[in-house]
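Remember, it's a predicted structure, so these values are computed and weren't measured experimentally.
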Amino acid sequence: MTLLRLIAVLILTALPAAAESLRAPVAGSPPSPGTAVWFGIHFIDTSTEGAINGIRADEVARIAATNDYIAASLTERGFDLREPSPESVAAIKNPTHSNGRDTVIARDMGTEYSITAEVQKVSNLILSMNLYVRDAETGRTVRSGAVDIRGNNDESWQRGYRYLLKNIIFRED
């Protein structure tokens, strides 16, 4: 019984801190316009649909369209985007979680930032989107954000990344 009471106390003390971190504002200034390597969206399909049916043509098209949307939005905000060479990313499975390899590539290319994104498809109803802007020199994350969307369609994907860009990555405090 003592162990259960200890677990309950730990959970109850951790909940307010966890709730506060969810309400915490985005810290620091948004990234200033500059040169950046845009790695595009890495798609992770953990749904049973993907395991059974394989790659869907509409999702491939959606990834390409969303890549273009994000790139256009970054360019409109003054970023000069560069594409990494196929050789530099050949050994990287996911640039977002590459143990800093994305920033090494960006630094070697002479840019200020590495910008990566990923979408994890849990099901056709639930998808998680992430976007990261990292300083190429230090490897430090300048801004990052995550949002869950409902619905696997063009509009929901664009709405998710529009929210991330406007309300998290480029949000002014």
Worksheet entry | Thr103 vs Val37, side chain to side chain contact (heavy atoms under 4.5 Å, CB included): CA-CA, chis, key distance, verdict | CA-CA 9 Å; Thr103 56; Val37 176; over 6 Å; no

Fill in: Step-by-step side chain to side chain contact (heavy atoms under 4.5 Å, CB included) determination, Tyr113 to Ser32
CA-CA 10 Å; Tyr113 301 104; Ser32 300; 4.1 Å; yes

Practice prompt. Check step by step if side chain to side chain contact (heavy atoms under 4.5 Å, CB included) holds for Ile168 and Tyr163.
Written response: CA-CA 7 Å; Ile168 297 178; Tyr163 178 86; 4.0 Å; yes

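When the side chains of ILVMFWY residues are joined at heavy-atom separations under 4.5 Å, either directly or via intervening members, Ile126 and Ile149 end up in two distinct hydrophobic clusters.
Side-chain contact check for Arg82 versus Trp38: every heavy-atom pair is 4.5 Å or farther apart. Counting only heavy atoms from C-beta outward, the side chains of Glu59 and Phe43 approach each other to under 4.5 Å. Side-chain contact check for Leu127 versus Asp148: every heavy-atom pair is 4.5 Å or farther apart. Considering only heavy atoms from C-beta on, Leu81 stays 4.5 Å or farther from Glu83 through its side chain. Residues Leu164 and Arg162 form no side-chain contact, since every pair of their non-hydrogen atoms from C-beta on lies 4.5 Å or further apart. Residues Lys121 and Thr46 have side chains not in contact (no heavy-atom distance under 4.5 Å, counting atoms from C-beta outward). Between Asn130 and Thr116, the closest side-chain pair of non-hydrogen atoms is not below 4.5 Å. A heavy-atom distance below 4.5 Å is found between the side chains of Ile41 and Tyr161.
A donor-acceptor pair shorter than 3.5 Å can be found between the side chains of Ser88 and Ser85.
Within the model, atoms CG of Asn152 and OG of Ser47 stand 8.5 Å from one another, a figure rounded to the nearest 0.5 Å. If you take CG on Asn94 and CG on Asn99, they are separated by 12.0 Å, rounding to the nearest 0.5 Å. To the nearest 0.5 Å, atom OH of residue Tyr69 and atom CH2 of residue Trp157 are 14.0 Å apart. Rounding to the nearest 0.5 angstrom, the gap separating the CZ atom in Arg62 from the CZ atom in Arg56 is 6.5 Å. Here the CZ-OG distance, from Arg150 to Ser123, works out to 8.0 Å after rounding to the nearest 0.5 Å. Once rounded to the nearest 0.5 Å, the distance linking CG of Asp45 with CD1 of Ile55 reads 9.0 Å.
Glu118 places no side-chain N or O within 3.5 Å of a backbone atom of His42 that could act as its donor or acceptor partner. Between the side chain of Ser114 and the backbone N or O of Ala106, no donor-acceptor pair lies under 3.5 Å. Checked by atom type and distance alone, the side chain of Thr138 pairs as donor or acceptor with a backbone atom of Arg140 at under 3.5 Å.
Scanning both residues, Ile92 and Ser98, for their nearest heavy atoms gives CG2-CB, 3.7 Å. Contact between Leu131 and Ala117 at its shortest, heavy atoms only, is CD1-CB, 3.7 Å. Annotation for Met109 and Pro84: closest pair SD-CA, 3.9 Å, computed over non-hydrogen atoms. The two residues Ser73 and Leu165 make their nearest non-hydrogen contact at OG-CD1, 3.4 Å. The two atoms that bring Asp102 and Phe39 nearest to each other are O-CZ, 3.6 Å, heavy atoms only. Heavy-atom minimum distance, Gly34 versus Glu112: CA-OE2, 3.2 Å.
By the 6.0 Å contact criterion, CG on Asn53 is enclosed, its count of non-hydrogen atoms from other residues, nucleotides or ligands being greater than 12. Heavy atoms of other residues, nucleotides or ligands lying less than 6.0 angstrom from CD of Glu49 number more than 12.
Tyr132 carries Arg134 over the face of its six-membered ring, with the cationic atom under 6.0 Å from the centre and within 45° of the normal.
Paired with Pro31 under the rule side-chain contact (heavy atoms from CB on, under 4.5 Å), one option of Leu74, Ile115, Asp135, Val133 passes, and it is Val133.
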